[in-house]
Amino acid sequence: MIVSGVVKGAFRAQRGSRVAVSSRRLLHASASRSSDALFVHRDTPYNNSKIPFEFTPENMKRAQEIISRYPPQYKKAAIIPLLDLGQRQNKGWTSISVMNYVANLLEVPAMRVYEVATFYTMFNREPIGTNLVQVCTTTPCMLRGGNEILKTCQEHLGNIKPGATTADGKFTLLEVECLGACSNAPMLQMNDDFYVSDFIAHRCHFATLGDEIISERHADQRSSIAALQEDLTPETTRKVLDAFARGEKPTPGPQSGRHTSENSAGLTALTTPPYGPGEHCVPEFS
């Protein structure tokens with residue numbers, strides 16, 4: 001019992017010394033880092049709840065059609081497509097007024113809409129230029145020169161940094177994560193279209209809205225038609241930027257001449273007619 005008491009006392013003393021030492025350690029804080037994503041709203045002259053917003057009659061009709069897809073008790077499922085519709089009407093960005101309007105329309109707490117708008121990077125929380133340039137620098141693109149493409153965009157657009165807009169308001173540049181065209185890396189997205197270094201038409205349709213959202217009636221809205229430029233080089237990147245600066249729209253897709261995402265060395269698989277029921281056995285593939 002005596003030995004046990006001594007051991008316990010020694011342990012308490014040792015533990016006390018540890019506490020004393022730890023109490024003298026300085027606190028550490030992570031260094032602040034700037035970001036092109038805004039998660040906390042601050043009222044500004046161009047973005048505050050006093051600025052009115054409501055859907056146009058045409059967009060309201062579209063919104064009601066979207067809401068009708070869901071049971072009444074699950075109307076909140078329409079938050080994403082309605083925010084996208086509002087962003088397209090609001091010249092490519094989602095203001096606090098757009099969020100509040102969607103919340104009122106769906107009869108949900110405004111915080112439910114704020115949570116969505118601040119989570120998904122497809123919603124721009126600040127005004128953007130006429131053309132939104134998103135350059136992928138994730139691993140496949142980085143290994144194929146994605147960082148060089150980003151640097152080319154920065155220099156060609158007047159040495160702006162990612163997150164900034166050119167002085168003439170024509171371009172906003174963003175550095176983003178994977179855009180889903182890894183086999184055609186490096187690539188960038190211009191508005192809603194992919195441009196890869198091979199020039200092939202890739203169209204980004206919003207599944208939540210349906211293909212009809214990409215239509216002539218949205219031709220004047222900044223986020224309506226997306227273009228992915230794939231298999232890019234600094235030279236082809238500058239050509240794409242110059243074309244958009246002139247108000248033109250170059251053909252989206254691979255810029256190197258290959259078709260879709262085929263092997264650059266040519267077709268190496270599926271070189272013979274298929275076995276089984278035969279070729280083009282489904283009418284829509286004939």
What verdict does the side chain to side chain contact (heavy atoms under 4.5 Å, CB included) test give for Phe53 and Asn100, after you've listed the backbone C-alpha separation in whole Å, the side-chain angles of each residue and the deciding distance to 0.1 Å? CA-CA 9 Å; Phe53 175 87; Asn100 290 338; over 6 Å; no
So, Thr172 side chain and Gly129 main chain: donor-acceptor pair closer than 3.5 Å or not? yes
Check whether any side-chain N or O of Lys170 sits under 3.5 Å from a backbone N or O of Ala245 as a donor-acceptor pair, and report yes or no. yes
Path from [X] to [Y] over hydrophobic side-chain contacts below 4.5 Å:
X: Ile160; Y: Val240; result: yes
X: Ile51; Y: Leu83; result: no
X: Leu106; Y: Tyr114; result: yes
X: Leu143; Y: Val176; result: no

Smallest separation among heavy atoms of [X] and [Y], with atom names:
X: Thr152; Y: Pro234; value: OG1-CB, 3.5 Å
X: Ser97; Y: Asn48; value: OG-O, 3.0 Å
X: Leu174; Y: Leu132; value: CD1-CD1, 3.8 Å
X: Gln189; Y: Leu179; value: OE1-CD2, 3.6 Å
X: Arg125; Y: Thr118; value: NH1-CG2, 2.9 Å
X: Glu126; Y: Trp93; value: O-CB, 3.2 Å

Please test Asn90 against Ser95 for side chain to side chain contact (heavy atoms under 4.5 Å, CB included), starting from the C-alpha separation and ending with a verdict. CA-CA 8 Å; Asn90 198 46; Ser95 65; 3.7 Å; yes
Non-hydrogen side-chain atoms of [X] and [Y] separated by less than 4.5 Å:
X: Tyr74; Y: Arg69; answer: no
X: Thr94; Y: Met99; answer: yes
X: Gln154; Y: Leu150; answer: yes
X: Thr237; Y: Leu241; answer: yes
X: Val135; Y: Glu175; answer: no
X: Val108; Y: Lys76; answer: yes
X: Asn191; Y: Asn131; answer: yes
X: Phe123; Y: Gln87; answer: yes

Pair Glu148 + Lys151, salt bridge at N-O below 4.0 Å: no
Between atom [atom1] of [X] and atom [atom2] of [Y], what is the distance when rounded to the nearest 0.5 Å?
X: Lys91; Y: Asn124; atom1: NZ; atom2: CG; result: 15.0 Å
X: Arg144; Y: Asn184; atom1: CZ; atom2: CG; result: 9.0 Å
X: Met122; Y: Gln134; atom1: CE; atom2: CD; result: 10.5 Å
X: Glu155; Y: Arg238; atom1: CD; atom2: CZ; result: 8.5 Å
X: Leu157; Y: Thr166; atom1: CG; atom2: OG1; result: 6.5 Å
X: Thr137; Y: Glu177; atom1: OG1; atom2: CD; result: 6.0 Å

Could you check whether His156 and Asp242, counting side-chain N and O atoms only, form a donor-acceptor pair closer than 3.5 Å? yes
Between Tyr120 and Asp84, do the side chains contain an N or O donor and an N or O acceptor separated by less than 3.5 Å? no
Can you list the steps and then say if Cys141 with Met187 is a side chain to side chain contact (heavy atoms under 4.5 Å, CB included)? CA-CA 7 Å; Cys141 281; Met187 57 80 64; 3.9 Å; yes
Just do the salt bridge (Lys or Arg N to Asp or Glu O under 4.0 Å) check on Glu58 and Lys61 with the steps written out, would you? CA-CA 5 Å; Glu58 185 181 14; Lys61 181 179 179 181; over 6 Å; no
Neighbour count >12 (heavy atoms, 6.0 Å) for atom CD, Gln64: yes
Give a yes or no on this: more than 12 heavy atoms of other residues, nucleotides or ligands lie within 6.0 Å of atom CD of Gln73. yes
Quick one, Phe171 with Thr165, criterion side chain to side chain contact (heavy atoms under 4.5 Å, CB included). Give me CA distance, side-chain angles, the key distance, then yes/no. CA-CA 6 Å; Phe171 295 94; Thr165 300; over 6 Å; no
